[in-house]
Each structure stands twice: as C-alpha cells, then as structure tokens.
Amino acid sequence: MEEKKILDIYKYGDDVLKLKAAEVKNIDKKIARLIDLMVGTMHSTRTGVGLAAPQVGESLQLSVIDLSQGHDEKELVVLINPEILEEEGGDMDDEGCLSFPGLTVPVRRSTHIFLKTMDINGKEIKQEIEGYLARVIQHEIDHLNGVLIIDRVSSLRRQIMKKEIKRLQKNGEW
Ligand code: NI
C-alpha cells in the first residue's frame with residue numbers, strides 16, 4: 001500500500017489547535033519526514049502559504065512557509081522552535097488560515113521582526129525580516145502557541161466568525 005502523502009488539516013474547533021506546541025528536541029528522520037509531508041500538504045491546498053505542525057495534528061514547534069506556493073524552491077522556509085526576539089511597527093491586513101477555510105479577517109501584526117529559529121540542519125539562525133513574510137511568520141508562531149486568527153480580532157468580529165462557522169458546521173461544510 002502506498003504511503004499517505006497528503007495530511008488532513010485540522011480546522012478551528014479541534015483542541016490540538018489550542019495547545020502550546022512542544023519543542024522539537026532533535027531533527028531526526030521522523031521530523032524530516034513530517035516536514036516533507038507538511039510541505040506537500042501545504043502545496044496541495046493551492047492557497048496556503050504556511051502550515052504549522054499543530055494543523056496536521058502534531059503538537060510540535062514546527063512550521064513551513066512558502067510564499068511562492070511551490071513555484072520557487074528557494075522561497076521555502078522551515079521554522080523549528082522559532083522565537084521572535086524583537087518586533088516593531090504595526091499594520092492591519094487580511095489574513096486567511098487553512099484551519100479557517102474560506103474565511104479572511106483583518107489582523108494587526110508587527111511590520112518588522114527579529115527572528116530566531118533553527119533550520120532543518122539544526123543550525124540556529126537569527127534574521128531580521130519585514131513585510132509579508134514577517135506577517136506570515138507571526139501567524140505561524142501564533143499557531144505554535146495555540147493562538148489563532150479568531151483570537152486576534154475584535155470581539156464583535158469574533159462573534160460574527162463564530163456564527164458563520166457554526167452555520168458551516170451545521171451544513172456539514174466545516
Ligand atoms: Ni493558519
């Protein structure tokens with residue numbers, strides 16, 4: 001039997017999305033395989049530019065990002081135990097999330113971040129990042145802390161989102 005190449009993506013409502021993910025202790029074969037599967041799964045969605053391990057049911061500090069959506073290998077970013085050391089600036093922009101299919105909401109994020117992370121070879125990297133990639137990294141690190149876009153919006157918008165999700169769940173579309 002062929003091994004499964006695309007993982008199921010957990011949607012809002014699943015408890016794994018609310019957990020603080022555990023640190024990756026060492027980058028072994030299992031983690032390397034998970035990264036491959038996450039990249040494949042992200043690319044298969046056609047719209048996703050980031051996917052965090054908790055979204056595929058693995059509560060680990062691991063996330064993949066590809067702003068090129070599979071068009072440029074050099075754009076692939078793997079975050080392992082990432083941490084934002086400094087941040088500044090702020091702007092509002094619409095964000096979607098593979099765990100909130102079909103929904104986009106305006107989220108405020110820092111415009112500049114100073115990131116510490118590990119790459120797939122276990123090497124520590126410190127880097128200043130700005131713009132859209134900085135936004136996506138903040139979104140992904142939120143996932144690793146159990147924080148979702150619905151937690152980042154006004155209470156009024158949160159109520160509207162919850163209502164809409166309930167309606168979709170009722171129709172079996174969530
Ligand atoms: Ni997301």
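Nothing here was measured: the structure is a model prediction, and the numbers come from that model. Just so you know, ligand 1 is whichever comes first in the structure, and atom 1 is the first atom listed for that ligand.
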For residues 47-60, which side-chain N or O atoms pair as donor and acceptor with protein atoms under 3.5 Å away, sequence neighbours left out?
unit_1 : atom_1 : unit_2 : atom_2 : d
Gln55  : OE1    : Ala52  : N      : 2.9
Gln55  : NE2    : Ser99  : OG     : 2.9

Would you mind writing out the side-chain donor-acceptor pairs for residues 85-97 within the sub-3.5 Å range, not counting sequence neighbours?
unit_1 : atom_1 : unit_2 : atom_2 : d
Glu87  : OE1    : Ser110 : OG     : 2.7
Asp91  : OD1    : Arg135 : NH2    : 3.0
Glu95  : OE1    : Arg109 : NH2    : 2.9
Glu95  : OE1    : His139 : ND1    : 2.8
Glu95  : OE2    : Arg109 : NE     : 2.9
Glu95  : OE2    : Arg135 : NH1    : 2.7

Seminar exercise, completed: Protein-derived N, O or S atoms sitting under 2.8 Å away from the Ni ion (ligand 1) total 3
Exercise. Less than 4.0 Å between a side-chain N and a carboxylate O, is that true for Asp28 and Lys30?
Worked result: no
Exercise. With the 4.5 Å side-chain cut-off for hydrophobic clustering, are Met118 and Ile35 part of the same group?
Worked result: yes
Problem set entry | Expected output: side-chain Asn81 to main-chain Glu23 donor-acceptor under 3.5 Å | no
Name the atoms and distances for all side-chain donor-acceptor pairs under 3.5 Å in residues 11-22, with sequence neighbours left out.
unit_1 : atom_1 : unit_2 : atom_2 : d
Asp14  : OD1    : Val16  : N      : 3.4
Lys20  : NZ     : Asn145 : OD1    : 2.8

